[in-house]
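What follows is a set of notes on a single structure, which appears directly below.
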Amino acid sequence: MLQFSKVGPNTYAGDLLVYLVRQSGKGSPRCGDGAVDEVVRGVHALGDFSGKEGEHFLFYPDKGRKGMPSAKRILIAGLGKDELSQEVFRKAGGTIASLAMKSKVKDLLIVLPGKVSEMVDMVEGLSEGLVLGAYRFKKYKTKKDPDAPGEMLTRAALYTPDSKGVAKAIAMGEIGAQAACRARDMANEPASHWTPAHFSEYGRNLAVAHGMACTVLDQAKLKKLGLGGILAVNQGSARPPEMVILEYTVKPNAPTLLLVGKGLTFDSGGISLKPSAGMEEMKYDMCGGAAVLCAMQAIAQAKLKGLNLVAIVPATENLPGPAALKPGDVITQYGGKTVEVVNTDAEGRLLLADALAYGIKKYKPDMVIDVATLTGAVVIGLGHHRTGLLSNNDALCDKLLAAGTRCGEPLWRLPLDPEYAKQLKSEIADFKNVGKKDGGTITAATFLKEFVGDTPWAHLDIAGTAWDFTEKSYIPKGPSGIAVRTLFDFVRNWKG
Ligand code: BES
Ligand code: ZN
Ligand code: ZN
């Protein structure tokens with residue numbers, strides 16, 4: 001969709017020309033085009049525009065005016081006066097995308113401000129913002145709303161006279177953002193249309209498209225291998241569980257990163273049934289699995305070279321069918337540890353424990369990151385802005401925190417002191433699956449920690465950020481696609 005344009009603003013005669021401008025200390029912001037700057041001066045004098053971040057205005061250029069570009073519309077968007085960051089450009093991209101869609105614009109040209117060789121990161125952010133901000137999920141709408149935003153932009157281009165590195169930055173931004181949009185698609189699908197089998201199908205297709213290896217462990221294989229956690233959670237569902245494994249191998253001596261994503265295609269709570277208000281949101285309980293698969297998609301598409309990767313998505317529904325797991329049941333996880341299931345709604349940790357233990361034993365990774373909508377407690381603690389990060393390794397945390405910040409997906413580390421493990425003591429098994437309510441995000445991670453041993457590991461609790469994420473121009477209502485770009489960025493910036 002996005003490209004670098006050699007056609008400059010003076011020759012462009014398309015639907016929408018966009019200038020990004022800085023807020024100036026005094027006087028009117030400037031874009032560098034004399035005739036356009038005259039218009040900006042007028043609007044600034046009226047007090048309607050100062051170039052603040054998020055501020056913008058659209059006008060219809062007078063074709064007769066000397067020196068005026070011949071585009072049909074011109075949009076002036078402010079970048080503020082603070083130091084420029086990738087996030088400022090991402091938000092600008094989101095603003096441009098939504099305005100373009102409102103005006104039913106089909107093509108647009110954005111003129112980049114300043115020297116691009118000094119700001120390829122910004123170009124990448126802008127590309128991401130355009131793609132992420134143009135996202136809508138309309139699959140199930142049968143009627144066209146005449147007031148609805150126009151079709152997605154079909155041609156968007158960025159222009160700069162100094163083009164070094166621009167095409168690559170646009171391509172990378174687009175790859176990451178498109179992958180995040182695919183994760184949003186998976187999450188938007190109702191649970192009847194995004195089942196464990198859909199995860200497997202997506203994994204197989206990715207493997208074919210990008211030369212990865214895909215293995216799907218079906219119910220029989222899971223039984224044979226002894227993955228008792230995912231099997232137990234699946235007992236109440238009419239659909240069999242599936243565990244999708246993707247392998248992306250660059251070179252044998254590169255370190256291996258294992259990604260694990262919670263793929264609960266619907267979480268009713270099981271016999272410990274959730275209240276009905278808001279239960280429909282539990283179709284989103286697969287966002288961790290979606291993030292992991294879509295991050296693999298971006299990594300493979302960008303042909304990243306630094307790390308070997310293995311991604312595992314344990315996928316099932318959690319329903320209270322006649323054979324469902326019951327409170328008080330004792331199950332055996334992969335590797336032999338036993339768990340007294342006190343609450344069947346704390347199911348995510350049961351299948352993650354299997355996937356983590358199995359993935360570590362089988363693939364001997366150098367580090368592990370899991371992503372899961374694991375606890376309501378993280379929503380209470382961190383709200384809808386920061387993802388909870390819990391880990392046994394400081395260096396891994398530092399890298400993830402930096403990646404999250406760069407991507408506009410900030411994380412916040414919570415503690416994992418051994419004292420929290422007391423809550424999980426069981427009288428009859430090795431552990432209980434829940435503690436008290438207190439510190440729920442930490443006790444959930446404490447449970448997972450029992451299954452990773454000494455392998456450097458980080459757990460991302462995305463229950464607050466996978467949907468209803470912080471309001472921003474490039475985050476539409478519904479699922480956010482969180483963690484796809486953070487994982488992509490983490491792998492891109494990997495240095496031993
Ligand atoms: N999928 C939920 C966590 C969740 C809650 C995600 C709200 C998004 C929004 C998870 O399986 C769950 O139900 N966790 C319980 C654990 C409790 C029973 C210890 C919770 O957080 O309430
Ligand atoms: Zn649950
Ligand atoms: Zn759940």
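Just so you know, ligand 1 is whichever comes first in the structure, and atom 1 is the first atom listed for that ligand. Predicted model, so just to flag it, every value in this text is computed and none were measured. In what follows, every heavy atom counts, from backbone to side chain, and hydrogens, waters and symmetry copies are set aside.
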**Request:** State whether a side-chain donor-acceptor pair under 3.5 Å links Q86 with D121.
**Result:** no
**Message:** Given a heavy-atom cut-off of 4.0 Å, could you list the residues near ligand 1 in chain and number order?
**Reply:** K262, D267, K274, M282, D285, N343, D345, E347, R349, T373, L374, T375, G376, V434, A463, W467
**Request:** Verify, without hydrogens or angle tests, whether N318 (side chain) and D345 (backbone) share a donor-acceptor contact under 3.5 angstrom.
**Result:** no
**Item:** Close side-chain approach of M296 to H210, heavy-atom, < 4.5 Å
**Value:** no
**Item:** Heteroatom count (protein N, O or S) under 2.8 Å of the Zn ion (ligand 3)
**Value:** 4
**Message:** Parallel, tilted or perpendicular, judged at 30° and 60°: which one describes the rings of W494 and F490?
**Reply:** tilted
**Message:** We want to know whether E174 and S127 form a side-chain donor-acceptor pair, criterion being a heavy-atom distance below 3.5 angstrom.
**Reply:** no
**Asked** Considering only heavy atoms from C-beta outward, does the side chain of L246 approach that of T215 to under 4.5 Å?
**Response** no
**Item:** Heavy-atom side-chain contact between I331 and V341 under 4.5 Å
**Value:** yes
**Asked** More than 12 non-hydrogen atoms from neighbouring residues, nucleotides or ligands closer than 6.0 Å to NZ on K362, yes or no?
**Response** no
**Message:** Quick check: do N205 and E201 have side-chain heavy atoms less than 4.5 Å from each other?
**Reply:** yes
